[in-house]
Number of protein chains: 2
Amino acid sequence: MSRVLIVEDDRHIRELIVLHLGLEGLACTAVGDGHEALALAGETAFDLVVLDLMLPGVDGLTICKALRHGGPNEDVPILMLTARREESDKVLGLESGADDYLAKPFGVRELVARARALLRRPRASVLRAEAAAHSAGAAGLDERPLAIHGMEIDPARRRVRIAGQDVELTAQEFRLLHVLASHPGIVFSREALLSRVWSDQTFVTPRSVDTLVKRLRRRIEADPATPARILTVWGAGYKCADV
Amino acid sequence: MSRVLIVEDDRHIRELIVLHLGLEGLACTAVGDGHEALALAGETAFDLVVLDLMLPGVDGLTICKALRHGGPNEDVPILMLTARREESDKVLGLESGADDYLAKPFGVRELVARARALLRRPRASVLRAEAAAHSAGAAGLDERPLAIHGMEIDPARRRVRIAGQDVELTAQEFRLLHVLASHPGIVFSREALLSRVWSDQTFVTPRSVDTLVKRLRRRIEADPATPARILTVWGAGYKCADV
DNA sequence: CGGGGCTGTGACAAAACCGTGGCGACGGAC
DNA sequence: GTCCGTCGCCACGGTTTTGTCACAGCCCCG
C-alpha cells in the first residue's frame with residue numbers, strides 16, 4: 001500500500017485529491033501547511049508527494065529542495081501542482097527536483113494517471129470512480145421559465161430580461177443564476193455551487209465562485225455593492241433573496 | 001500517523017469517509033470489496049477499520065470475525081456501519097468483535113468523532129454517552145427543518161425564526177443551536193460539542209464553548225441571564241431544554 | 001457560612017471571510 | 001496571425017467572526 005503526502009493549502013483541492021487518490025487504494029495524508037509537511041516528511045517515508053507550488057509560509061520549491069536534501073524522502077517522486085502554466089515555473093519546478101508537473105485547473109483523471117505513473121505500480125484498479133461522474137451533465141436543471149425579483153429567466157432560450165431589457169450573460173453566469181433563482185432562500189455552499197454550475201469535474205477553487213458571483217452581480221444588480229438579488233450568507237455561501 | 005482501512009461498497013459513502021478522515025490527517029485506504037479488504041488486512045496493520053455490515057460477496061460480519069481470528073489486525077478497533085437500525089444487527093455486530101456501531105444515515109461529524117474516539121481508545125463510559133446521544137435522534141447535518149421552544153430552525157435556509165422574527169446567527173452559532181436543538185434534553189459535554197460544531201481539526205479550548213453559548217444565548221434568549229432554551233448542566237455541559 | 005471549583009461576561013487580538021481589481025491563459029472569430 | 005470575450009486564480013484590504021484571557025459571580029460541598 002503506497003503512502004502519498006499531499007501538500008496543498010486550498011482545502012477544496014486537498015479534499016478532491018485525497019478523495020480520488022484514496023479511492024485508488026492509496027494511503028493519503030493531507031496537510032495545508034509547509035512546516036507541517038516538512039515535519040511529517042522528516043519522520044515518515046512516503047511513496048509519492050503531491051506538492052503545491054504556491055503555499056503560504058514555506059514555499060513549495062523550498063519544500064522540494066528540502067526533501068531532496070536528505071532524510072527518509074530523499075528519493076521520493078514529487079508531483080508538483082501550480083496555478084500557472086508558464087514554462088519558467090515548470091523549469092523551476094523540475095530543476096528543484098520535481099518529477100512531474102501539473103497546471104491547474106486539471107482533471108481528476110490526469111492527476112490520478114500521473115500519480116500512478118510516478119508510483120510505477122501496475123496494480124489492477126479496484127474501482128472506477130469516474131463511472132457515474134457525468135450523470136449530472138445535462139440533467140437536473142429545470143427547463144421551465146421562471147420569474148423572480150423582476151427577472152424573467154428562460155432556460156430554454158438561455159435568456160434573462162430585467163424590466164423588459166435583455167441582459168447578456170455568459171453560459172456560466174446563467175447557470176449560476178438559474179441554480180440560485182430556482183431555489184429562492186435556499187443557501188448554497190460554494191462546494192454545492194461548484195458541483196452544480198461547473199459541470200465537468202475539474203479542480204476549481206471555491207473562491208472562484210466568488211468571482212462568478214461578482215461578475216453576475218455586475219450584470220443583474222442595480223448596485224453591485226449592495227446586492228438585492230444574489231445575497232451573501234456569511235460563513236455559509238450564497239442564496240437568491242426570498243420573495 | 002494512523003492508518004485507516006475503509007470497507008464500504010457504496011461509492012458515495014466511501015468518498016465521504018475517505019474525504020473527512022483524510023482531512024483529519026489519517027492515512028485512508030478504501031476498498032469496496034470484501035476479498036480485497038481481507039487481502040490488505042492480511043499484510044498490513046491498520047489502526048482502525050471502518051466496516052460496512054452489508055457487502056456484496058464477503059459479508060461484513062465474516063470480515064470482522066476473520067480479522068479477530070488472527071494476523072496483523074487481531075486487535076484493531078472496528079467501527080461498523082449498517083443501513084439498519086435494528087437492535088439485532090447491533091448485537092450481532094458487537095458480538096462478532098466490532099468496537100462501535102453507527103447506523104446509516106449518519107452525520108459526517110459523528111463518524112469523525114467516533115473514529116477519533118476509537119483511535120484514542122476511550123473509556124467505555126464516554127462511548128456509551130455518545131451512543132445515547134446518537135440514539136436520541138437523527139445526527140449530523142440534517143437538512144430537515146425543526147421547531148422547538150417557539151423557534152423554527154431551517155438548516156437549508158440557514159434561518160432561525162422566533163415569534164415570526166428572523167434571528168441573525170453566525171455560522172457557528174447556528175451549528176451549535178442545531179446540534180443542541182436536534183437532541184432536546186440530551187446533555188453534550190464541551191468536548192462532544194467541540195467535535196460536532198468545530199468541523200476542522202482545530203484544537204480549541206473547551207472553554208470556548210462557553211463563549212459560543214454566551215453569544216448564542218444573547219440572540220435567542222429573552223433574558224440571557226436566565227436562559228430558557230439552552231441550559232447549563234453543572235459539571236457536565238449544555239443541553240437544549242426538554243419540551 | 002466559607003471555600004474551591006465551575007460558569008458567565010466583557011474586551012481584545014487573531015483569524016476567517018468576502019469583495020474587488022487585475023493578470024494571464026485559452027479558445028473562437030475573423 | 002491578431003483581437004476579443006471568457007474564465008480561473010491571486011493579492012490586497014475592509015469587515016465580521018471567533019479564540020483566548022482575566023475577572024467576577026455562582027453553585028455545590030463540607
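What you see is a predicted model, and the numbers here were worked out from it, not measured in a lab. So that the names make sense, note that chain A is the first sequence line, chain B the second, and so on, each numbered from 1.
What separates CG of A/Leu194 from C1' of D/dG8 is a distance of 11 Å, to the nearest Å. If you take CD of B/Glu168 and C1' of D/dT15, they are 15 Å apart, rounded to a whole angstrom. Taking atom CZ on A/Arg175 and atom C1' on D/dG8, their separation rounds to 14 Å, with Å as the unit. Residue B/Glu173 contributes atom CD, which lies 11 Å from atom P of D/dG19 at whole-angstrom precision. Here the P atom of nucleotide D/dC10 and the CG atom of A/Asp9 are 8 Å apart, to the nearest Å. Protein atom CZ of A/Arg219 is 10 Å distant from nucleotide atom P of D/dG5, rounded to whole Å. If you take CZ of B/Arg158 and P of C/dC17, they are 12 Å apart, rounded to a whole angstrom. Between the C1' atom of D/dC9 and the CG atom of A/Asp52 lies a distance of 12 Å, rounded to the nearest Å.
In this structure, A/Ile78 and A/Cys64 approach most closely via the heavy-atom pair CD1-SG, 3.7 Å.
Residue pairs meeting the side chain to side chain donor-acceptor pair (under 3.5 Å) criterion with at least one member in residues 146-156 of chain A, sequence neighbours excluded, do not occur. Listed by first and then second residue, the side chain to side chain donor-acceptor pair (under 3.5 Å) pairs involving residues 223-237 of chain B are B/Arg217-B/Thr232, B/Asp223-B/Thr226 (not counting sequence neighbours).
B/Tyr238 has no side-chain polar atom (N or O) that falls below the 4.0 Å cut-off from OP1 or OP2 of C/dC6. OP1 or OP2 of D/dG19 lies within a sub-4.0 Å distance of a side-chain N or O belonging to B/Trp198. B/Gln172 has no side-chain polar atom (N or O) that falls below the 4.0 Å cut-off from OP1 or OP2 of C/dA16. At the phosphate of D/dG19, neither OP1 nor OP2 sits under 4.0 Å from any side-chain N or O atom of B/Thr205.
Every residue two or more places apart in sequence or in another chain that forms a side-chain contact (heavy atoms from CB on, under 4.5 Å) with A/Arg114 is listed here: A/Leu79, A/Asp100, A/Leu102, A/Glu110. Shown here are the side chain to side chain donor-acceptor pair (under 3.5 Å) partners of A/Arg158, two or more places apart in sequence or in another chain: there are none. Residues passing the side-chain contact (heavy atoms from CB on, under 4.5 Å) test with A/Glu191 are A/His12, A/Ser189, A/Pro206, sequence neighbours excluded. Every residue two or more places apart in sequence or in another chain was checked for a ring pair (Phe, Tyr, Trp, His ring centres under 6.0 Å) with A/Tyr238, and none qualifies. The side chain to side chain donor-acceptor pair (under 3.5 Å) test applied to A/Thr205 returns A/Asp10, not counting sequence neighbours. Here B/Leu146 pairs with B/Ile148, B/Ile153, B/His178, B/Ala181, B/Ser182 under the side-chain contact (heavy atoms from CB on, under 4.5 Å) rule; sequence neighbours left out. Every residue was checked against the side-chain contact (heavy atoms from CB on, under 4.5 Å) condition with A/Ala222, not counting sequence neighbours, and none meets it.
Counting only heavy atoms from C-beta outward, the side chains of A/Val112 and A/Leu21 approach each other to under 4.5 Å.
The stretch residues 227-237 of chain A touches DNA chain D through A/Trp234, each having a heavy atom under 4.0 angstrom from the strand.
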All N/O contacts under 3.5 Å from nucleotides 9-12 of chain C to the protein, with atom names and distances to one decimal?
unit_1: C/dG10; atom_1: OP2; unit_2: B/Arg218; atom_2: NH2; d: 2.5
unit_1: C/dG10; atom_1: N7; unit_2: B/Lys214; atom_2: NZ; d: 2.7

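Counting non-hydrogen atoms under 4.0 angstrom, B/Thr170 reaches the backbone sugars and phosphates but no base.
Two end axes, each from the C1' atoms of five base pairs, can be drawn for the helix from C/dC1-D/dG30 to C/dC30-D/dG1; they diverge by 30°, to 10 degrees.
Note that the CG atom of B/Leu177 and the CD1 atom of B/Ile220 stand 5.0 Å from one another [nearest 0.5 Å].
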